[in-house]
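Indexing begins at 1, ligand by ligand and atom by atom, following the structure's order. Because only heavy atoms are used, hydrogens play no part in the values below, and waters and symmetry mates are left out as well, while side chains stay in.
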Amino acid sequence: MRIDILTVVPDLLTSWFGESILQRARKKGLVEVHVHDLRNWSLDKHRRVDDYPFGGGAGMVMQVEPIARAIAELRAQRSYDEVIYLSPDGQLLDQPLANMLSSVGNMILLCGHYKGVDERVREHLITKEVSIGNYVLTGGELAAAVLSDAVIRLIPGVIGDETSALSDSFQDGLLAPPDYTRPADYQGWKVPDVLLSGHQAKVDAWRYEQALERTRQRRPELLGGKDGTEGS
Ligand code: ADE
């Protein structure tokens with residue numbers, strides 16, 4: 001997978017992608033992330049990529065031209081499955097969307113700034129608009145980092161134990177069950193006996209029950225009838 005990120009503040013993202021799991025994924029050759037400064041495609045001598053909105057009003061709008069030139073240049077070099085604009089107006093990022101995106105080949109992530117982009121970018125240049133939550137950030141960079149993290153960790157081989165991505169919260173529509181590690185008894189705080197029993201079927205059944213109960217208590221809307229409650 002290759003991710004190309006278009007932003008006016010590349011420094012915000014290069015340090016993020018130089019660290020942790022994402023760096024390991026890059027070193028293993030499982031993903032390439034390229035952060036580009038949109039100003040490189042500006043035609044303006046001051047490298048501006050924004051301008052005043054037609055019709056007046058507060059705030060600046062990101063121009064269609066530098067964005068179109070950037071996307072065209074990238075598309076001329078390879079094919080992209082998705083060109084995603086990060087915006088609070090987009091489809092809410094959730095685990096099924098992250099799963100879907102982890103199986104695409106290449107994608108371009110466009111980070112908005114200021115008031116947002118010229119509407120023609122949305123109409124002609126992007127394939128999807130994604131939001132990371134019902135709140136407004138100052139720019140799409142954090143959202144691009146969140147989306148990339150959620151997607152990259154699902155690529156087989158990126159995290160050590162492949163099954164652990166599959167047992168994440170949300171992966172089966174439930175929150176994850178509790179985990180414990182040694183010591184089995186910490187000053188009287190005990191690990192549930194079933195986990196020490198060595199009986200895998202019982203452990204699995206306990207984990208499922210715990211996941212269901214935790215979801216029922218904390219995020220009942222995720223159940224959607226799974227336990228017969230229709231999310232109530
Ligand atoms: N840009 C600004 N706010 C955003 C959000 N909530 N999600 C994605 N991109 C954004």
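Heavy atoms of Ser87 come nearer than 4.0 angstrom to ligand 1 in at least one pair. Using a non-hydrogen distance threshold of 4.0 Å, Gly139 registers as a contact of ligand 1. Ligand 1 is never approached by Leu93 to a heavy-atom distance shorter than 4.0 Å.
Scanning the protein heavy atoms around atom 6 (N) of ligand 1, the nearest turns out to be Tyr135 O, 2.8 Å. When only non-hydrogen protein atoms are considered, atom 7 (N) of ligand 1 lies nearest to Ile132 N, 3.0 Å. Given atom 3 (N) of ligand 1, the protein heavy atom at minimum distance is Leu137 N, 3.0 Å.
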Problem - side-chain hydrogen bond (donor to acceptor under 3.5 Å, both in side chains) evaluation trace for His113 with Asp50 - result: CA-CA 9 Å; His113 249 266; Asp50 61 324; over 6 Å; no
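At a heavy-atom cutoff of 4.0 Å, ligand 1 is contacted by no atom of Asn134, backbone or side chain.
Using a cut-off of 4.0 Å between Lys/Arg side-chain N and Asp/Glu carboxylate O, Arg122 and Glu129 are scored as salt-bridged. By the 4.0 Å N-to-carboxylate-O rule, Arg75 lies too far from Glu73 to be salt-bridged with it. Salt bridge status for Arg216 with Glu213: present, with a side-chain N to carboxylate O gap under 4.0 Å. Salt bridge Arg39/Asp44: absent, no basic N to carboxylate O contact under 4.0 Å. By the 4.0 Å N-to-carboxylate-O rule, Asp4 lies close enough to Arg2 to be salt-bridged with it.
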